[in-house]
Structure formats: C-alpha cells, structure tokens
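Computed from a predicted structure; not experimentally measured. Labels below follow one simple rule: chain letters A, B, ... track the order of the sequence lines, proteins then strands, and each chain is numbered from 1.
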Amino acid sequence: MDDRLPVRVAVDAPQHSGLGGALDYLSERTLSPGTLVRAPLGRREVTGIVWPGDADPEPSVALKPVAAVLDAVPPLSARWCELVDFAASYYQRGLGEVALSVLPPELRKLDDDQLAQRVARLRKAWAVPPAGPVPARPELTPDQAAALARLGELSAPGQAPVVLLHGLTGSGKTEVYLRAAEDALAAGRQVLVLVPEINLTPQLEARFAERFGAGPAPKRIVSLHSGLTPAQRLKNWLAAHLGLADLVLGTRMAVFAPLPRLGLIVVDEEHDPSYKQQEGARYSARDLAVYRGKLEGACVVLGSATPSLESWQRAEQGRYERLTLAHRVGNGALPAVRLVDMNLLPKAPGVTTLLSPQLVGALARRVERGEQSLVFLNRRGYAPVLHCGACGWKSDCPHCSAWRVFHKVDRTLRCHHCGFTQAVPRACPDCGNLDIAPLGRGTERLEEQLAEALPGARVARIDADSTKTKGALEAQLSAVHAGDVDVLVGTQMVAKGHDFRRITLVAAVSPDNALFSSDFRAPERLFALLMQAAGRAGRDAAQADRSEMVVQTWHPTHPLYAALQRHDFKAFADSQLKERSMAGLPPFSHLALLRAEARTAQAAREFLQAAATLAEQIPGARELLIYPPVPHHIARVANVERMQMLVESPTRGTLQRVLRPWVDELTRLKSQHKGVMRWALDVDPLAI
DNA sequence: AGCACGCCGACT
DNA sequence: GTCGGCGTGCTC
C-alpha cells in the first residue's frame with residue numbers, strides 16, 4: 001500500500017499528443033491547487049501546475065511521484081485556473097498546453113532556490129517607493145464626468161459590469177481609464193490594462209506612471225509583453241502575482257497575468273484584431289477579459305472609437321452598458337472629410353496618377369503654413385509587383401502564390417510572405433527585354449512622388465521597413481514631434497494611437513481595395529482604420545477647425561464613405577449589422593475554421609473532406625453548416641499549400657458540443673493522412 | 001511536442 | 001567497424 005496522495009497536474013503536453021489535459025502524479029504531502037511543481041514526463045522532467053479537482057488515475061498506469069515542489073512561488077489562484085480551464089476548453093486546446101504557455105518561459109527554467117532568490121530580491125527592491133505631491137489632473141469634460149458617474153453607479157459592491165466606452169478619437173478615453181483606475185486602486189485593488197500593440201505600451205505606461213507613479217500613495221506599474229527580456233518578464237509577472245504591482249499594462253498575453261486583487265480590466269481599442277492570438281491557442285484576449293471580469297468580480301471597460309460589431313451588438317442588446325464620449329476634449333471639431341473622386345481626374349494615356357491635384361494642393365498649403373500632414377497607404381515597398389511590358393512576366397514568388405514586392409531602396413524583390421529576396425533583375429528573366437516596370441505603388445514610391453510634387457518639403461516615411469532597427473521608430477516619431485517633418489508617409493503603423501500635435505491634414509491615398517474584399521470583416525477594419533487615421537488630425541484644439549481628411553476614391557458614393565464623412569459610427573454599424581444578419585454572419589452566427597497545411601493542395605483537401613465526414617456523425621452536427629474546403633487567401637506560402645473549411649453554427653453551445661469530440665477524432669485522422677503537415681482549429685476566426 | 005529506439009549509408 | 005539519417009511510438 002502506497003500512502004502517497006494522487007494529485008492532478010497540468011503539464012505541457014500538446015493537445016495532439018492525446019495527453020492534453022492534466023495527468024496524475026503522487027505526492028508525499030498535500031499540495032494546494034495552483035502550486036507549481038516539476039514532474040517526470042516520459043524521459044524528461046517538465047514544469048506543471050497542481051490543478052483543482054480530484055485525481056482520477058487510470059488503474060493500468062503506474063503513477064510517478066512529483067519530482068519537486070516550487071514553493072518559492074505562491075500557488076496560482078482558483079480563479080486563474082478557472083480562466084485557463086475556460087480558455088483551453090473554448091478554444092479546443094490542451095489544458096496543460098494553455099496553462100504553461102501563458103507563464104513566463106523563464107519560470108520553467110529555474111529551480112526552487114533560484115526562484116526563491118528572485119522573489120526575495122524583488123520584495124527587497126519593492127520595499128522603498130518615495131512619496132511626492134499630488135499629481136495634477138485635468139478637469140473632466142461633461143461627457144467624461146457623465147460616463148464616470150454612471151460607471152460609479154454600475155460598480156456598486158458585488159457588481160462586475162462590462163462597459164463599452166464608445167468615444168471618438170480625441171474625446172479623452174484615456175482620462176476615463178485613469179479615473180476608473182484611481183477608484184479601483186483607492187479600493188486596494190489591482191488594475192489590468194490591455195493594449196493591442198507593443199508600440200502603444202510606452203506612451204500609455206507613461207500616462208499611468210505620471211498619474212499614479214508619484215503622489216502621496218505611489219503605485220507600482222509593470223508591463224507584460226513579448227518585447228521584454230525573459231528576466232524582466234519573469235520579474236514583472238512575479239510582481240503582479242505577489243500583489244506588489246498595482247497596475248499591469250500589456251498586450252494580449254497579459255490577460256493571463258496572475259492578479260490576486262484584480263478590480264478593473266481596461267481593454268483599449270477593443271476592436272483591434274491584434275487581440276486575437278493567431279497561433280497555438282487562438283484566443284481573443286478581449287473576450288477572455290470579459291470572462292475574467294465575471295470570474296474576478298472586476299469591472300471591464302472596453303474602449304474604442306469604432307467598437308467591434310460583436311461588442312456593439314451586445315451593447316444594443318443591453319448586455320454591455322454603453323457609455324459615450326461624443327465630443328473632443330476642448331470641443332475641437334473632427335476633421336472635415338473630403339472625398340476626391342478619382343474618376344474625374346484628367347487621364348494621361350498610360351499614366352495612372354496616385355496623387356490628385358486636390359491632395360497636392362491641400363498638402364502644399366500645409367507646408368506653406370508650417371503645419372504637418374500624414375499620408376496613409378497600407379502597402380509598403382515601392383511597388384507591389386514588377387512587370388515586363390514585352391512578354392507579360394510578373395515578379396511572382398517561386399515559393400508562394402503571391403507577387404514579390406519591388407523595394408527600390410535596396411533594389412530587391414522581396415516576398416512579404418516567405419521572405420525570399422533577390423536583387424532586381426536588369427532584364428526580364430523570361431524574354432530578356434530591358435523594359436520592366438513597377439506596377440502599382442507602395443509607401444516608398446509615394447514618398448518619392450510626394451517629394452517631387454512638393455519641392456522643398458521635408459518628406460519622411462514610417463513603415464515596417466524604415467523601423468526595422470532598434471530605436472528607429474522612436475527616433476522617427478520624435479523627429480515628427482519636433483517638427484522636422486512636413487509630410488509623413490506611413491502604413492497603418494502611424495494611424496494608431498500616436499498623439500501628433502501639429503498634424504492638420506490626413507490623407508488616405510488608396511483605401512478602396514477593402515470595399516470589395518472577400519473577407520466580410522474588411523469594411524469594418526477599413527472604417528476603423530480611416531476613423532483612427534482621421535483622429536490623427538487636429539489633436540491640438542487650436543488647429544482643429546482647420547484640420548481636414550482627404551480620401552481619394554474611385555467609389556465616392558459607397559455608404560462607408562458617407563458614414564465616414566459624418567463621423568457616424570452608429571450608422572455604419574447599423575448597416576453592417578443588417579447585412580450580417582441577412583447573411584447569417586457573426587455576431588448572428590458562430591464560426592470555427594479548420595485549417596490544413598500540406599505539400600499538395602489535394603492532400604489538404606482530402607484531409608478536410610474526411611474531417612467533414614467525421615463531423616457529420618457527431619450528435620448536434622445537423623444544426624451546423626459545414627462549407628466545402630477552399631484554398632486560403634494566399635494558397636501557397638513557402639511551398640506549403642493551405643486549405644481551410646468553415647463551420648457555421650447558430651449558437652455557441654452547439655458549436656462547442658460538436659467541436660469537442662471532433663478535435664479528438666482529428667488527431668487520429670491526421671495519422672491516416674500522411675501528406676498533411678499541420679492542422680489547426682480557429683474558434684471565432686477573425687479573417688476567413 | 002520532445003525524446004527515445006531502431007534499422008540502413010558514408011566516414012574519423 | 002562506427003556516426004547519423006529520420007520513421008514510429010510513448011509519455012500519468
């Protein structure tokens with residue numbers, strides 16, 4: 001008889017191994033749920049978490065003892081485990097895989113003594129925060145005051161409301177976050193702030209530090225995102241977990257930060273697609289934040305100028321409380337939106353102009369007045385493709401079903417999907433003709449054409465290429481802030497969040513493509529991007545009245561642009577929701593996407609067809625609609641063929657009931673389809 | 001996924 | 001004679 005106790009331990013065994021859940025081990029002492037342990041798994045030793053619930057050992061398996069207990073780190077809370085349980089089950093991944101993948105990687109490399117040292121050092125460093133004077137707070141606008149008053153009512157003890165803060169750009173959403181955080185902090189609770197991108201963390205962190213970092217009772221702020229060094233990430237994670245940090249600011253991974261006294265979760269720019277993880281457990285940090293708020297009894301604030309249609313509909317239904325900031329701080333006007341009908345431009349034969357006289361004129365006036373302009377084009381490089389006029393050759397990528405982009409800066413052809421790069425050929429590789437020309441345009445070419453059209457103007461470009469080296473983005477942004485740039489060319493990178501005080505003109509040069517995309521969310525994304533870009537203009541109230549947005553379009557009568565001109569998100573959302581409703585698309589249905597990757601499209605298709613056949617035998621499947629497999633938007637990347645199959649369900653519940661047994665079968669199915677390299681299930685996919 | 005074992009070609 | 005290719009099988 002063995003008197004050692006069986007315990008459930010979540011270990012990092014991937015879902016495809018068939019050991020997705022928790023495994024049972026023996027322990028000599030009682031271990032609280034949430035305790036970190038090291039345990040043998042096969043021939044190696046892995047980190048695991050003692051999981052809530054009773055062990056349920058299979059009689060045929062001889063249990064092994066836990067190898068070590070990491071006592072230095074306090075156990076993760078039952079609520080944290082419940083969040084992970086939910087995420088794993090909802091997104092159909094292994095429990096241990098999810099639980100361990102959201103811990104700082106460094107944690108899994110250290111032993112108990114090393115962790116004890118880190119914890120001790122951290123506590124010691126934390127022991128002295130210096131007090132200072134009360135920081136200045138701006139006066140609230142009437143909108144802000146009303147929103148905060150309502151938030152206060154909703155956050156009565158025991159309540160955990162979800163609030164959709166719909167505030168147009170420049171209306172002071174951040175100040176609402178700060179005041180809400182102030183209340184939570186004053187009540188002794190922790191605050192979690194999520195932002196879509198790492199780039200946006202420093203400026204928001206600065207705002208929070210300015211408000212809470214000093215004063216009579218200074219608070220501690222830490223960040224959590226993939227840009228931190230492993231040691232920093234562990235340190236900040238421990239600070240949150242030990243309750244030393246009062247404020248945690250981070251990207252989507254931070255939704256799993258252990259926070260013993262969580263009282264408020266802010267999701268800034270809640271509509272942003274970056275909140276959806278695109279590999280592993282494909283979770284939505286925004287949706288998990290809402291779930292976590294309920295679990296922890298914490299208030300959740302979802303903020304956006306252009307909310308996701310999912311959140312907007314929930315607000316319409318009364319499931320979320322909508323609070324509106326309808327006016328800009330200082331009552332500045334939103335930029336007037338001027339549509340330039342590109343159909344009316346005089347056409348020179350063989351020449352397609354990218355810059356209308358109207359736009360060039362508007363830019364020239366800004367340069368003259370010493371004001372700044374932002375010209376926005378969501379395509380980097382010089383031109384998306386090179387073309388041979390003689391034989392029709394185009395610069396396609398040999399490994400992908402995509403063009404290689406011409407980058408004039410270093411005279412290369414680059415595939416933006418697999419990275420394949422070559423020098424630009426002197427002559428057409430097919431026919432030897434010397435007349436090969438760029439087709440279409442990207443930011444590099446736009447920069448060049450603007451410099452030609454505006455002699456003497458200082459034109460700069462910010463995109464993924466110009467900011468590759470460390471610190472380059474910061475340097476370029478500070479040049480813009482210092483006024484060393486007249487016209488800034490950029491991709492969506494510059495449309496988000498930045499507080500450029502001197503910009504009075506924003507231009508979208510060629511936004512039409514998204515209007516006719518096969519992706520049903522493309523209009524929503526375009527509208528959000530244009531509203532966000534428009535918000536870059538006139539942030540200084542003194543200049544707001546002169547601020548303007550120019551949109552060049554071949555479809556000036558499109559309803560999306562009409563709504564944009566009126567800055568009317570509600571009209572746009574209502575019309576989109578009507579279309580979604582008629583088409584049976586989310587949020588009126590629930591989707592899952594099964595993807596398969598193989599050397600041949602045929603192998604991927606056969607796997608998906610077999611998967612569909614299996615699904616049809618699962619109870620509840622009759623309520624689902626399983627579409628035939630189709631190639632991915634870019635079917636081949638790095639010589640791998642990608643197919644996908646959409647599953648549509650009237651309710652979340654039915655979808656979940658079918659998916660669960662399905663993924664178990666898919667693991668088996670893959671072993672019968674040798675050609676298939678990988679498969680993945682995406683619940684609530686963003687792009688289809 | 002790791003990490004083993006296992007059975008066939010070119011080298012210190 | 002070994003080192004090593006990656007096929008397939010297991011992990012409480």
Requested in this report: Check whether any side-chain heavy atom of Ser304(A) lies under 4.5 Å from a side-chain heavy atom of Glu269(A), and answer yes or no.
Outcome: yes

Requested in this report: Would you kindly give the CD-to-C1' distance between Glu97(A) and dG2(B), to the nearest whole Å?
Outcome: 14 Å

**Report entry** Spacing between Leu31(A) atom CG and dC12(C) atom C1', to the nearest angstrom
**Finding:** 15 Å

Report summary line: Rounded to whole Å, the NZ-P distance (Lys64(A) to dT11(C)) equals 8 Å

Report task. Return yes if some donor-acceptor pair links the side-chain N/O of Gln114(A) with the main-chain N/O of Asp111(A) below 3.5 Å, else return no. Result -> yes

Report task. Using whole Å, report how far CG of Asp12(A) lies from P of dA1(B). Result -> 11 Å

Report task. Using whole Å, report how far CD of Glu279(A) lies from P of dA1(B). Result -> 13 Å

**Report entry** Between P of dA1(B) and CE of Met677(A), the distance in whole Å
**Finding:** 12 Å

Query raised in the report: What does Pro6(A) touch in the nucleic acid at a heavy-atom separation under 4.0 angstrom: a base, only the sugar-phosphate, or nothing?
Result: nothing

Report task. Would you kindly give the CZ-to-P distance between Arg38(A) and dC12(C), to the nearest whole Å? Result -> 14 Å

Report summary line: Here the distance between atom P of dT8(C) and atom CD of Gln672(A), to the nearest Å, is 14 Å

Query raised in the report: Is NZ or CZ of Arg220(A) both nearer than 6.0 Å to the six-membered ring centre of Trp126(A) and within 45° of the ring axis?
Result: yes

Query raised in the report: Is there a side-chain contact between His417(A) and Cys397(A) (heavy atoms, below 4.5 Å)?
Result: no

Query raised in the report: Of Glu58(A) and Arg43(A), whose closest DNA chain C nucleotide lies nearer the 5' terminus?
Result: Arg43(A)

